[in-house]
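A quick write-up on the structure given underneath.
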Amino acid sequence: MNESLLSQMPELVNLAWMGVLCWIGLGFAALFLQKSRGLLSLVFPLGTLVALAMAGLGLAGLLLPASAVVLPIGLPDLPMHLRLDALSGFFLLLLGGAAFGVTLYAWGYFKDLAAGPLALILLWYHLFLAGMSLVLLADDAYAFMVAWEVMALSSYFLVTTDHDQPAIRSAGFLYLLIAHVGAVALLLCYGVLQGGEVANAGAYTFAYMRHAEMTPFWASAAFLLALFGFGAKAGLVPMHVWLPEAHPAAPSPVSALMSGVMLKTAIYGLLRVTFDLLNVQLAWWGTLALTLGLVTALYGVIFAAVQSDMKRLLAWSSIENIGVLLAGFGLTLIFYTDGKGALAALTLTAMLYHALNHAFFKGLLFTGAGSVLHATGERNMDRLGGLMAAMPWTAWLTLMGALAIAGLPPLNGFVSEWLLLQAFLLTPGLSHSYLNMVIPVAAAAVALAAALAAYVMVKFFGVTFLGAARSPAVSHAHEAGWRERLGMLWLAAGCVLLGLFPVQVIDALAPVVRLLTGQTLVNGGNWLMLAPVDAERASYGPLVFFAVVLVTLLLVFLWVRKAYHGRVRRSDPWDCGYPEQDARMQDSAEGFGQPIRLIFSSFMRVERDTPDPFDRQPKYRGDSRDKLWVLLYQPIADLAAWLSEQAGRLQHGRIQWYLIYSFATLIFLLVFVTR
Amino acid sequence: MTLSLTYHLQVVNFLAAMLLLIAFAMLSQRRIVGLVTLFAWQGAALSLSTAIVAWSTDQHHLYYSAALTLILKVIAMPWYFYRLVKKLDVDRDVEPMINIPTTMLIGIALVIFAFNLALPISEMSGTVTRSTLGIAMASVLLAFLMMITRSKAIPQVIGFLAMENGLFFAATSATYGMPLVVELGVALDVLVGVFVLGIFFFQIRETFDSLDLKHMEKLKEK
């Protein structure tokens, strides 16, 4: 594309906000089209087109120079500033790519809904997408916070779609509460970033903040507030409690979007504030983020291993992935502040890559879980099983997602985790001797989290899809519709392509990495071979690997067919007692998680009702609860309840007492004024 | 001119004293009808003093205020209250929460407090009537005290209106009144407030068979 053609094109950012307007328009159109079912069913397909356009714009924004615009909407004297640069472009690509698949899926998933509820879902769903993309485009604190709140509120309404159930209402409340505590921290963070300049109306723009001078103290304050605020949205321990509650409550496409995309907007915000808006970065921020990230990753994966509810398991797994992303972010900061630009570029590339991967495979897993839930009405894995036969498409596509998230080559999860581990193994170059010794331990923690994630996925896939059916609900299961399959197929294709062409993906990521760290990752290999540091040290050729895997599989298949099935087989009539085998003898989700629960029992509060041996109808109930809930949240809740009770004593119900309160206040103020 | 001004000032001061006296009388009045009459008299004193201030200082908008006070607080509202009392049949002796001598003693303490309070403020003010600011504030506080010590609904509303009288007087004495728009707004608010409260009286009596506000304690959340 030559220069003259470029200048004739409308500014990308204008196209981007028009896309946002399209989504908003679709949402509101749905609200007014409730009468016509035919038109209403057109909204989701149109939404997918917008998503595809957004992904394209994101890619263009990633590769082309930044463009900015000032919209004449907003409060008086507070116009909205929008800007599309490489960082926004990358996350917009992530959003559009994942939203395209999930919206296709949602089109089929919600097709049997009555017009009224469907219109509401369409409204919030598209507002949610619009809010998230505006968060990415915002170039001033005001537009950012408005978009952030639109995103939080619309997702709250999506989470509470089935608000007639009290458990879902309370999950929604918890989500809303933590989202708002986080939003307050963000507001304060922007207040610090603009240096408390009330008089200067332009101080709220990001352009101003980029050049504001900051002392290390205030920069640290801004960073900590941003870490807290964005951490609350991302599910950083200990602000993670809303995730395992909200994800099972939300309809599955919404969970897929929340986990795949919304959590990434928090990562985006953290990158934007730390590397773009702040002028100084301190090394200890990186250490803090790394520690918190590792704790979150391990905490998340341990709890994922003991869950029996599919969607709760996936929610905990999202917490784990956010932890890995944050650890990558922390390591990037450590390298960056140490002056190791090339290593910072490597770590940041790995982290961004993982964010993109997570959007695809977690979207795929949540949609797969949604299909199972839709077909059987069961979220509890202990009542599922053997679904591979009834739902082959869903099962195979979910298997792709599970393999990808477990970090198996040649899928995408392997590439990003491998890159991240490469970065961790290069820390001996750091100038802090203390960090040099500690970070290999961190690398071990990341490896442990990755291994446990694979364990979790074996459990998720094995218990749900393999074996025999554990309840009658499963026998009525039906395959997902073609639209759902198409959506999942898109996401699975993303997982495969991102895994097979890492060199090209890394090239595309280069502008973001250059924007944030000033350097890019130089590939030491060729178009086929990825060698992040040095071809001698480590390299990975996914296509070669894939070919080897395929050939091996083929050979084994042929050999087994020929050598094993070819001969006559005889078996015993009594079969060693196996004819008595039934579905209850299989390993259950609870049983599969048992070793992890025993090893890490000090992290959780286990509640178990073991039945009496002579009970004719034995019932077993086991529940592993988050200990932080009791240690941290319960005291806070109790304190709030106690304080409100104390304040409640003021309420006598006697009007005279209320008048005396006013009177005393009046007298006090009058005395105060005349002092 | 100076002579006539001092002469007018004497009248205004006298009316201010009447205002305070009526405020004390309201504190000690047990019957609701008596309270309404006192309220009408207070309004009359207020209206007259406003008119005199208007005349002596050539502040024309104060004439409107005086007329508004006369119509609303001397004629319309007392008439409405008389009707209400008759309709609701509540004109009995009301036992205040604190006995009357004690209330009067608290009232005296409040007056002393108000005068002390007004001293530095009135020195800053440039009006001829600034010496009456203490009285105005005292009548506000006394009206508030009346609201606290009465347990029936109508005396409380009258206390509220008396407080408004005091505020109005304070505004006239400190700055020759508020802008006319504000005063019109306040007058309209008071009017609407009284009508709404009148409706509430019926509702309260229907619910609790009485206008005694102590029954409303039941509404408290357990």
Side-chain angles (χ1 to χ4, degrees), chain A residues 75-77 156 160 163-181 184 245 629 633-675, chain B residues 94-98 103 106-107 109-124 133-134 136-138 140-157 159-160 162-163 166-167 170 197 200 204 208 211-222:
Chain A
L75 294 176
D77 278 341
Y156 164 75
T160 53
H163 51 79
D164 46 341
Q165 298 173 33
I168 286 183
R169 281 202 301 275
S170 71
F173 174 75
L174 184 66
Y175 170 49
L176 198 63
L177 182 73
I178 294 191
H180 277 99
V181 170
V184 168
E245 304 300 323
W629 186 258
Y633 285 85
Q634 205 60 49
I636 293 177
D638 288 347
L639 182 70
W642 182 79
L643 280 177
S644 17
E645 203 173 297
Q646 297 306 310
R649 288 190 183 190
L650 288 174
Q651 190 196 21
H652 292 273
R654 300 202 75 149
I655 213 161
Q656 275 78 17
W657 273 104
Y658 300 152
L659 286 170
I660 286 177
Y661 294 151
S662 316
F663 193 64
T665 315
L666 180 68
I667 297 277
F668 172 76
L669 288 177
L670 284 174
V671 169
F672 190 72
V673 157
T674 49
R675 267 295 126 82
Chain B
V94 273
E95 192 57 43
M97 317 257 292
I98 311 171
T103 318
I106 299 175
L110 283 178
V111 171
I112 295 167
F113 174 72
F115 271 73
N116 269 324
L117 199 67
L119 209 61
I121 304 173
S122 57
E123 272 168 12
M124 282 187 288
L133 187 62
M137 294 184 79
V140 171
L141 294 180
L142 287 177
F144 210 143
L145 185 63
M146 190 181 99
M147 284 176 77
I148 291 175
T149 53
R150 300 304 169 99
S151 64
K152 293 278 158 84
I154 296 182
Q156 288 211 331
V157 174
F160 173 70
M163 202 159 81
L167 280 175
L197 288 168
F200 265 131
I204 291 172
F208 298 111
L211 272 182
D212 200 328
L213 293 178
K214 72 175 182 226
H215 297 294
M216 288 175 80
E217 272 181 58
K218 286 181 208 153
L219 298 178
K220 181 185 161 188
E221 206 179 324
K222 284 288 175 304

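Below, all heavy atoms of this structure are taken into account, side chains as well, without hydrogens, waters or symmetry copies. By convention in this document, chain letters (A, B, ...) are assigned in the order of the sequence lines, proteins followed by strands, and residues within each chain are numbered from 1. Treat the numbers as computed from the prediction; the structure is a model and nothing was measured.
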**Prompt:** Taking the side chain as C-beta and beyond, is there a heavy-atom pair between Phe663(A) and Leu141(B) under 4.5 Å?
**Reply:** yes
**Item:** side-chain hydrogen bond (donor to acceptor under 3.5 Å, both in side chains) contacts touching residues 636-645 of chain A (sequence neighbours left out)
**Value:** none
**Item:** Qualifying residue, where the test is side-chain contact (heavy atoms from CB on, under 4.5 Å) with Leu142(B) and the options are Thr103(B), Val111(B), Ile106(B)
**Value:** Val111(B)
**Asked** With respect to chain A, which residue among Asn116(B), Leu110(B), Leu145(B) yields the maximal number of heavy-atom pairs within a distance under 4.5 Å?
**Response** Leu110(B)
**Prompt:** Between Leu119(B) and chain A, which part of the residue has a heavy atom less than 4.5 Å away: side chain, backbone, both or neither?
**Reply:** neither
**Complete:** So, the part of Leu666(A) with a heavy atom under 4.5 Å from chain B: the answer is side chain
**Asked** How are the rings of Tyr658(A) and Tyr661(A) set relative to one another: parallel (under 30°), tilted (30 to 60°) or perpendicular (over 60°)?
**Response** tilted
